[in-house]
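Below is one structure; the comments refer to it alone.
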2 protein chains.
Amino acid sequence: MGSPWKAIADDSRRQILLMLKDGEKTPSQIATHFDFTLAALSTHLKVLRDASLVSERKEGQNRFYSLNQKQSLGLVKFFELMWGYKLDSLKEYVENKEKKKTQ
Amino acid sequence: MGSPWKAIADDSRRQILLMLKDGEKTPSQIATHFDFTLAALSTHLKVLRDASLVSERKEGQNRFYSLNQKQSLGLVKFFELMWGYKLDSLKEYVENKEKKKTQ
DNA sequence: AAACTATTTAAATATTTAACTAATTACATA
DNA sequence: TATGTAATTAGTTAAATATTTAAATAGTTT
């Protein structure tokens, strides 16, 4: 499996992930938002797939890509680890954001 | 400022960050845990510094590096964004972990 | 001041990565 | 079956990155 950290390090690939948060999309749909070729996008999708950050579903001549949330949750584990298993910082951060939202 | 995503994409640099979670360390101390040279470590630290993931404190002939938590919290914002501002997944994840800890 | 210690910076090299064009695969439809 | 469409794979090139050795900087000690 490819490194999810390397996968997520690229600006375009992070944009792709954000693009998928509202539901699955085909490479052609995603490609319209970028300047580079479909071939380049295809390689980006491969990197994300190899890192298990996205899943691919085939339907006829189309392929649908969607977020694979589990793997990205795994990345948060690192931050958790970095903050000493305490989780306090992360939790406070999350709850703070939540307050802001409901204000 | 350098990209914190690129900074954190490297395995060695993530290890360095974890090494710092218990408190500040000098480059020489950190270097003992790696196979590469002190010069290589110095460049890794520069990348982390440029990404504001660590801070440097000078004292005599030593330099002490420490975690800069604020910036790494910023990275979590991306995951939050990816999960649709809902925060539910992240929150559930955090609380789940917390439960496990106290079990 | 000379020698030593801690660390960074510079220059060179090797590896990895991102992008392109062109070719290929796979499916759909006329 | 020929043509079109969707997407990937291959081969190439250019740029970025990681590492090394050697030199430089800065502070300490004798």
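A note on names: the letters A, B, ... follow the listed sequences, proteins ahead of strands, and every chain is numbered from 1.
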* Nucleotide by nucleotide, 5' to 3', does protein get under 4.0 Å of the base (B), only the sugar-phosphate (S), or neither (-) in nucleotides 22-29 of chain D, counting heavy atoms? -> B----BS-
Over how many whole Å does the gap from [X] atom [atom1] to [N] atom [atom2] extend?
X: A/Leu41; N: C/dT21; atom1: CG; atom2: P; answer: 15 Å
X: B/Phe64; N: C/dA6; atom1: CZ; atom2: P; answer: 11 Å
X: A/Trp5; N: D/dA18; atom1: CH2; atom2: P; answer: 16 Å
X: B/Lys46; N: D/dT19; atom1: NZ; atom2: P; answer: 16 Å
X: B/Gln29; N: C/dA6; atom1: CD; atom2: C1'; answer: 12 Å
X: B/Ile16; N: D/dA18; atom1: CD1; atom2: P; answer: 11 Å
X: A/Leu45; N: D/dT8; atom1: CG; atom2: P; answer: 6 Å
X: B/Leu38; N: D/dA18; atom1: CG; atom2: P; answer: 17 Å

* Please lay out, stage by stage, how A/Ile30 and A/Leu20 fare under the test side-chain contact (heavy atoms from CB on, under 4.5 Å). => CA-CA 9 Å; A/Ile30 298 168; A/Leu20 294 179; 4.1 Å; yes
* Which pairs count as salt bridge (charged side-chain N to carboxylate O under 4.0 Å, His left out) when at least one residue sits in residues 35-47 of chain A, sequence neighbours excluded? ->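 Found A/Lys46-A/Asp50.
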Validation: residues 3-11 of chain A side-chain donor-acceptor distances under 3.5 Å, sequence neighbours left out:
| residue | atom | partner | partner atom | Å |
| --- | --- | --- | --- | --- |
| A/Ser3 | OG | A/Trp5 | N | 3.1 |
| A/Ser3 | OG | A/Lys6 | N | 3.0 |
| A/Asp10 | OD2 | A/Ser12 | N | 3.0 |
| A/Asp10 | OD2 | A/Arg13 | N | 3.1 |
| A/Asp11 | OD1 | A/Arg14 | NH2 | 2.9 |

* Derivation and outcome, side-chain contact (heavy atoms from CB on, under 4.5 Å), residues B/Leu17 and A/Phe78 -> CA-CA 10 Å; B/Leu17 292 175; A/Phe78 168 77; 4.1 Å; yes
Check the phosphate of [N] against [X], side-chain N and O only, distance under 4.0 Å to OP1 or OP2. Yes or no?
X: B/Tyr65; N: C/dA6; value: no
X: A/Thr37; N: C/dA19; value: no
X: B/His44; N: D/dT17; value: no

Which part of the nucleic acid, if any, lies within reach of [X] when heavy atoms closer than 4.0 Å are counted: base, sugar-phosphate only, or nothing?
X: A/Ser12; result: nothing
X: A/Thr26; result: sugar-phosphate
X: A/Glu56; result: sugar-phosphate

* Asked: Does any N or O in the side chain of B/Glu59 come within less than 3.5 Å of the main-chain N or O of B/Phe64, such that one atom is a donor and the other an acceptor?
  ->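 Looks like no, no N/O pair under 3.5 Å.
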* **Residue B/Ala40, side-chain atoms from C-beta onward, closest of D/dT9, C/dT8, D/dT19** =>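 Given the options D/dT9, C/dT8, D/dT19, the side chain of B/Ala40 is closest to D/dT19.
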* Asked: D/dT17, C/dA6, D/dT8: which one has an atom nearest the side-chain heavy atoms of B/Lys6?
  ->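 Nearest to the side chain of B/Lys6 among the choices is D/dT17.
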* Asked: Would a line drawn from the ring center of A/Phe36 to the ring center of A/His44 be shorter than 6.0 Å?
  ->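 Centroid distance A/Phe36-A/His44: below 6.0 Å, so yes.
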* **Inter-residue atom distance A/Glu56.CD - A/Leu45.CG, 0.5 Å rounding** =>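 Atom-to-atom, A/Glu56:CD and A/Leu45:CG are 8.5 Å apart.
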